[in-house]
Amino acid sequence: MKLYNSISKKIEEFIPINPNEVTMYFCGPTTYNYAHIGNARPAVIADLLFNVLTEIGYNVKYASNYTDIDDRIVAKALEQNKDALEISQFYIDAYVKDLKSLKVKKPQFTPKVSDTMDKIIHFIEELIAKGYAYEIGGDVYFDIDKVENYGIISHQKKEELIVGARIEENSDKRNPMDFALWKKTTTGKNWASPFSSGRPGWHSECVVMIQDVFKSNLIDIHGGGSDLKFPHHENEVIQCSALHNTTLANYWVHNGMIKVDGAKMSKSLGNVLFISDLVEKYGGNQMRWFILSSPYRLELILNEETLNNAVNEFNKVQIARRQLKVKLRLNHIEKNNVLNELYSKFLNELQNDLNVASANTVIFELIKKINQELRKKEFDIPLLQSYEYTLDKMLLVLGYEMEEIELDKVDFELFKAWENSKANKEFEVADLLRNRLIQRGRL
RNA sequence: GGUCCUUUAGCCAAGUGGUAAGGCAACAGACUGCAACUCUGUCACCAUCGGUUCAAAUCCGAUAGGGACCUCCA
């Protein structure tokens, strides 16, 4: 497996810490609203990465968190006179449903900030005790001047970052680059701590949840959107580096942003597209195909044309698969489990930093072979059986959820009657029968 | 101002030194009772300029365009 690593900015051979095991974490959503299509991309990419790693023999342990405490959540809670965690749970449920519609499997671990609070507070105490953080008026900040290796994710020099740093309202910080670990507040949901009543900073949460889930200060893969490189991931690394002298993860992977007609999705532009709306309009598998249609590290442009492109491509695969299965079942031919040689070609492409475009090329190669074989008067049964098995396996690795097609008595009768009426040139009857078969998803 | 990514046909894209995969769309045929599906065919001076090389989309340099990040952000 080859993976692009944001630390080295190169595609590297993936070598896990333990030979047959992979530990992986992707930053999950802050649950203050319904998930938009941009939120889906890292989840789909992670799901694919999980599948590929599993397929090539690794035992993958995958975690993705819910940031269920945040100023925006608290604001919404106050507005609606509800508990912040109630708001979070509502959007977590919606998010889970959205991801399911995109055929994303639930990670084995889905830690929440609110469940990890004691450990987060303890972690901040430890940073203070070791001299990497300081408290001012109940707030706690990480002291950027105490560390040297700041910038390994974003590849920016500390001095340059200081130039770019915006002037902040809190001028008590020793250095404008210092970031909050704990914020004192009694407005809305808050937790008691040795520093003050308040809420934790975003950057500490992920570190602690990773350590809590994996019981380790170093995991294999950490991912998220490229907009999280700085400051979020940079700050995760520096805390872990200060305390444990690790980069938290050996491989940092970042996906590019989704752009709507060339513009970044934002509330102010009013172009935020929710997963549920898109899935309803274009279909879940189709939206997954769309998300995977562009190299994961680059930006993905969403517009009418690119969406239709994805829908047409997926449907082409789906139609060929259905025709293949119907043909085999009509002839009472069972499934077998013989892999076509195309499969290894397919898997190799995915092992090259998830090159889905090239993997899809192999799928289309297979689709063409299937269509050609189906057209023949006398078809090669073992060949078609292996095509069926191979195609299903490919689609499974890419994570599509395909309907299994089994024919019942009614189907057999309909097909027989359809053929008869065509032979007898009773075309009106034939068309009725054909429509029924289409309705049943057999044509 | 700093850091980084990107530019291949109408669209999505593969390709990382030996002279352009695949898909969508379009068009033309074939198949078909009609339609859908399918099959066959057509469709690229690889942003520009310069350099290295026997050989460059691929390496180097410059220019131009598009974009991201620099404490809200997937």
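Labels below follow one simple rule: chain letters A, B, ... track the order of the sequence lines, proteins then strands, and each chain is numbered from 1. Just so it is clear, the model here is predicted, and its values are computed rather than measured.
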Could you tell me whether A/D47 and A/K105 make a salt bridge, using a distance below 4.0 angstrom between a side-chain N and a carboxylate O?
yes
Salt-bridge test for A/D392 and A/K325: reply yes if a basic N is under 4.0 Å from a carboxylate O, no otherwise.
yes
According to a strict under-4.0 Å criterion, is A/N312 in side-chain N/O contact with OP1 or OP2 of B/C11?
no
Using a 5.5 Å cut-off between ring centres and planes within 30 degrees, is A/F364 stacked on the base of B/G22?
no
Closest to side chain of A/A357, choosing from B/C39, B/U3, B/A14
B/A14
Suppose you measure atom C1' in B/C11 against the same atom in B/G1; what distance do you get, rounded to whole Å?
37 Å
Just checking A/H254: base, sugar-phosphate only, or nothing, at a heavy-atom cut-off of under 4.0 Å?
nothing
Going by distance alone, is a donor N or O of one side chain under 3.5 Å from an acceptor N or O of the other, for A/N309 and A/E305?
no
Do A/F179 and A/W202 have their ring centres less than 6.0 Å from each other?
no
Between A/R434 and A/I319, whichever has its closest RNA chain B nucleotide further toward 5' is A/R434
Using a cut-off of less than 4.0 Å, is there contact between a side-chain N or O of A/Q372 and OP1 or OP2 of B/U40?
yes
Nearest-angstrom distance, C1' atom, B/C34 to B/A47
48 Å
Counting side-chain heavy atoms from CB outward, which of B/A68, B/C4, B/A14 is closest to A/K9?
B/C4
Phosphate-side-chain proximity, A/K368 and B/U40, N/O vs OP1/OP2 below 4.0 Å:
yes
Any side-chain N or O of A/K316 less than 4.0 Å from the OP1 or OP2 oxygen of B/C37?
no
Distance check: side-chain N/O of A/N360 vs OP1/OP2 of B/G22, anything under 4.0 Å?
no
